[in-house]
Amino acid sequence: MSTSQRRRAKAFEPVALDHAEAVIVDQYTRLVRLAYLTLPGRLNRHRRVLAAHSLVQRALPGFRVRHATARVPLPRTGSADGGGPREVEPARTGTAYMTARVLSAALAHERRPRGWPDRLPPPRQLRPALPVVWGLRLFPRAGGTEEIALAQVLSELSAPARAAFVLCRLDGLAQPEVVDLLTAADVPDPEAALRAARRVEETVGEAAGKLLRSQEFDACSVQTRPTDLLRRRRRFRLLWCAAGITAISCAALLTIGPVPVPGDKPARQTGGRPAISADTLLRTPPDAWADTSRVDFSAWPARGSRTDDRELLTRALSAWTAPPPGTRVGAARETTTEPPPRATQLLYADVVDGEAVVLFHDGRRVVRYVEPASPSEPASLDFSRADDSDVTTAAALAVSRKDGKIRYLTAPWIAEARTRDLLRPDSPGSPLNVSGQGLTATVDAPSAAAPCDSLPVLQLRSSARIVEKHAFLVTDLGDLAPAHLSHTPLPGTGAPARQPREATSGTALRSWAHGACRLSELRGRGVRAVNQWDFAEQELPEDGGRAVWSCTRASTWRGPGSVLLQFRTSAESATAPAKVVGRARSTAACSRFGQHVVASTRWTSGSGHRYLLAAGSRDVTRITVTGDIDAERRGRALAVRAPEDARVTVRARLADGGAELGEVGR
């Protein structure tokens with residue numbers, strides 16, 4: 001569809017300036033909510049709130065429109081009785097025109113030049129923007145788990161798709177109206193954005209409209225919190241000091257001029273003053289974890305023999321505030337390294353394997369500071385996301401890594417620790433020694449470079465003081481917190497949809513043995529949890545045995561996830577890697593917001609005949625193949641003879657009779 005200025009002018013002619021102002025005032029809350037949901041998710045909620053209000057308030061057209069509007073013809077549509085064309089009501093025309101202007105401004109944030117700072121608007125919007133807020137942080141009131149989950153799904157969409165979803169579900173616009181608005185907002189492919197929005201609608205369901213009207217997405221009903229008061233005071237004082245020093249220096253230079261000093265060299269930087277004092281670090285009482293409903297990193301007590309070493313803590317905080325030259329700084333994907341906030345918690349301080357180690361938690365991140373015994377060796381800092389952690393994802397932290405070995409600090413609620421090999425599902429776990437402070441003995445670290453002949457994991461069990469006999473698996477994927485492994489078994493006949501379970505049963509371990517070697521592909525991606533979902537099984541043609549289809553979903557701390565669709569047969573060994581038949585990144589597939597999946601692959605029988613196999617999840621009732629082969633089967637599985645080079649499209653129909661389901665990643 002054309003996105004030229006001629007097409008845009010034909011769809012929504014400008015309206016009078018006073019009419020445009022009336023539309024903004026009358027529909028201010030709706031327009032602000034639309035802008036807030038369309039703006040990119042990389043902006044924090046405070047900046048998105050201010051940007052949304054600014055975009056709507058700056059959406060007024062130029063002054064020249066006031067006198068030109070009377071001579072511009074209004075758009076025309078079919079009459080109510082189907083007779084001839086009729087003019088659209090002026091109020092509706094003005095609403096569409098102003099909505100398109102707000103959308104165009106919000107979508108411009110996705111088209112900023114490479115390297116352009118997020119805190120600045122796009123280059124075309126650099127004129128002064130109101131409102132401006134000093135000393136306060138604004139953010140909508142927090143919603144429930146469903147609203148948070150919907151926000152994560154929307155963050156994975158493109159900005160045009162988010163806008164299309166809001167226009168359809170919140171404003172209730174018809175698809176042609178949405179396409180016209182996106183075209184007027186300079187979206188290159190509005191139909192693609194609408195298709196992406198429809199896929200989310202199919203996943204989320206009818207509850208989306210109600211969720212979008214909740215306080216979580218209402219940028220006009222906001223809460224306020226102060227910024228860091230002490231840091232603001234320090235910066236104000238530093239500003240005055242810098243201004244005074246600058247004035248004195250300028251006066252001195254004007255008076256006596258520059259005095260060169262031969263051989264003078266700049267002093268070496270040794271690290272800045274800490275943003276907070278070691279005395280203000282938060283320390284959780286030792287038994288708080290057993291008497292709280294929030295079992296996460298905030299419930300960890302301060303442990304280790306050097307928690308009272310003020311000099312070590314000050315050095316660690318100084319390095320965090322302003323790392324000295326040579327300091328090795330590592331951060332998980334999309335994890336900030338900004339200075340410590342006032343509400344920073346001390347988790348651990350001690351000497352581990354000859355190095356001083358300090359662990360912090362600031363509510364959003366866990367930070368590890370390592371100071372080698374030799375002063376000539378540089379210190380290191382590592383940052384990882386830790387927001388919204390729980391019993392399993394806050395169960396351990398990597399304290400040290402040396403020579404292919406890892407030593408963990410376990411949570412205070414961990415009553416037992418074992419090690420086991422995912423590639424040996426029938427072998428029992430081995431007990432792991434844990435000190436009274438929660439420090440484990442060294443364990444083998446999974447290697448991405450070595451052959452995949454073993455994959456060590458930790459099997460931890462929670463204390464009966466918080467949950468009875470709750471054992472679970474975690475494995476190292478390169479970040480400070482190991483990733484939680486879970487398993488969703490095959491659907492039972494007539495049983496309701498199954499939820500992810502702990503991967504400690506024999507069935508779960510045998511399933512994971514076929515996908516364990518794929519975990520190395522997830523290293524360094526900020527993965528929080530990985531679930532292996534066996535979504536379908538199938539009897540193979542010519543008595544070829546049984547096949548199982550799996551979807552392995554890796555969910556990250558920041559929200560987006562990736563999936564691998566895998567296929568394995570009973571003829572393979574118990575630890576043979578499953579065949580990958582599909583993959584996708586930044587998708588809701590195989591999660592609570594993507595509970596339907598269909599996949600296909602090629603398979604050769606023992607007689608040499610080639611087949612196209614396809615299978616779908618529990619709600620699939622029919623599978624259709626089109627292209628070089630035309631076939632259709634009722635049920636959740638399909639097998640049809642097919643040439644090796646046949647090009648086909650596989651789609652599935654769901655039990656509720658909704659839109660057809662396509663393959664993930666294709």
Stepwise side chain to side chain donor-acceptor pair (under 3.5 Å) test for Asp421 and Ser427: CA-CA 8 Å; Asp421 189 348; Ser427 299; over 6 Å; no

Side-chain touch Pro160/Leu107, heavy atoms, less than 4.5 angstrom: yes

Over all atoms of both residues, closest heavy-atom pair of Thr488 and Pro500: OG1-CA, 3.3 Å

Ionic contact status for Asp534 with Arg568, cut-off 4.0 Å: yes

From CA spacing to verdict: side-chain contact (heavy atoms from CB on, under 4.5 Å), Asp426, Arg510: CA-CA 8 Å; Asp426 298 325; Arg510 286 189 289 274; 3.9 Å; yes

Minimum-distance pair of heavy atoms, taken over all atoms of His484 and Thr393: CB-CG2, 4.2 Å

Between Thr552 and Gln566, a side-chain donor and acceptor under 3.5 Å: yes

From Leu485, Thr419, Val474, Leu509, residue fulfilling side-chain contact (heavy atoms from CB on, under 4.5 Å) relative to Val457: Leu485

Test log, rule side chain to side chain donor-acceptor pair (under 3.5 Å), inputs Thr507 and Ser505: CA-CA 5 Å; Thr507 301; Ser505 67; 4.8 Å; no

Taking every non-hydrogen atom, the tightest pair across Gln538 and Ala615: OE1-CB, 4.4 Å

Geometric class of the Phe472/His470 ring pair [parallel <30°, tilted 30-60°, perpendicular >60°]: tilted

Backbone of Tyr36 reached by a side-chain donor or acceptor of Arg48 within 3.5 Å: yes

Verdict with reasoning, Trp512 to Leu519, per side-chain contact (heavy atoms from CB on, under 4.5 Å): CA-CA 10 Å; Trp512 263 112; Leu519 287 172; 3.9 Å; yes

Test item: Arg385 side-chain N/O and Arg333 main-chain N/O as donor-acceptor pair under 3.5 Å: no

Donor-acceptor pair, side chain of Trp549 and main chain of Ser600, under 3.5 angstrom: no

Euclidean distance, Leu565 CG relative to Glu663 CD, rounded to 0.5 Å: 8.5 Å

Minimal non-hydrogen separation, Ala574 against Ala513, with atom names: O-CB, 3.6 Å

Side-chain donor/acceptor of Arg30 to backbone N/O of Leu170, under 3.5 Å: no

From Arg518 atom CZ to Leu455 atom CG, the distance as rounded to the nearest 0.5 Å: 13.0 Å

Verdict with supporting geometry, Leu103 and Leu34, side-chain contact (heavy atoms from CB on, under 4.5 Å): CA-CA 8 Å; Leu103 270 180; Leu34 173 63; 4.0 Å; yes

Lys/Arg N to Asp/Glu carboxylate O, Glu644 vs Arg602, below 4.0 Å: no

Short N-O contact, Glu572 and Lys579, less than 4.0 angstrom: no

Asp543 atom CG, neighbour heavy-atom count above 12 within 6.0 Å: no

Salt bridge flag under 4.0 Å for residues Arg636 and Asp619: no

Ala589 backbone acceptor or donor facing Arg553 side chain under 3.5 Å: yes

Donor-acceptor pair, side chain of Glu537 and main chain of Arg546, under 3.5 angstrom: no

Side-chain donor/acceptor of Ser104 to backbone N/O of Ala100, under 3.5 Å: no

Minimum-distance pair of heavy atoms, taken over all atoms of Gly545 and Ser570: CA-OG, 3.7 Å

Main-chain N/O of Glu660 paired with Arg651 side-chain donor or acceptor, under 3.5 Å: yes

Val530, Leu564, Thr556 screened by side-chain contact (heavy atoms from CB on, under 4.5 Å) with Leu522, the one that passes: Val530

Working for side-chain contact (heavy atoms from CB on, under 4.5 Å), residues Cys517 and Leu423: CA-CA 8 Å; Cys517 291; Leu423 294 182; 4.1 Å; yes

4.5 Å side-chain heavy-atom contact, Gln532 and His487: yes

N/O donor-acceptor pair under 3.5 Å between His514 side chain and Pro577 backbone: no

Ionic contact status for Asp390 with Arg528, cut-off 4.0 Å: yes

Arg610 side chain to Pro643 backbone, donor-acceptor under 3.5 Å: no

Leu638 side, atom CG; Leu612 side, atom CG - distance, nearest 0.5 Å: 6.5 Å

Heavy-atom side-chain contact between Leu473 and Leu422 under 4.5 Å: yes

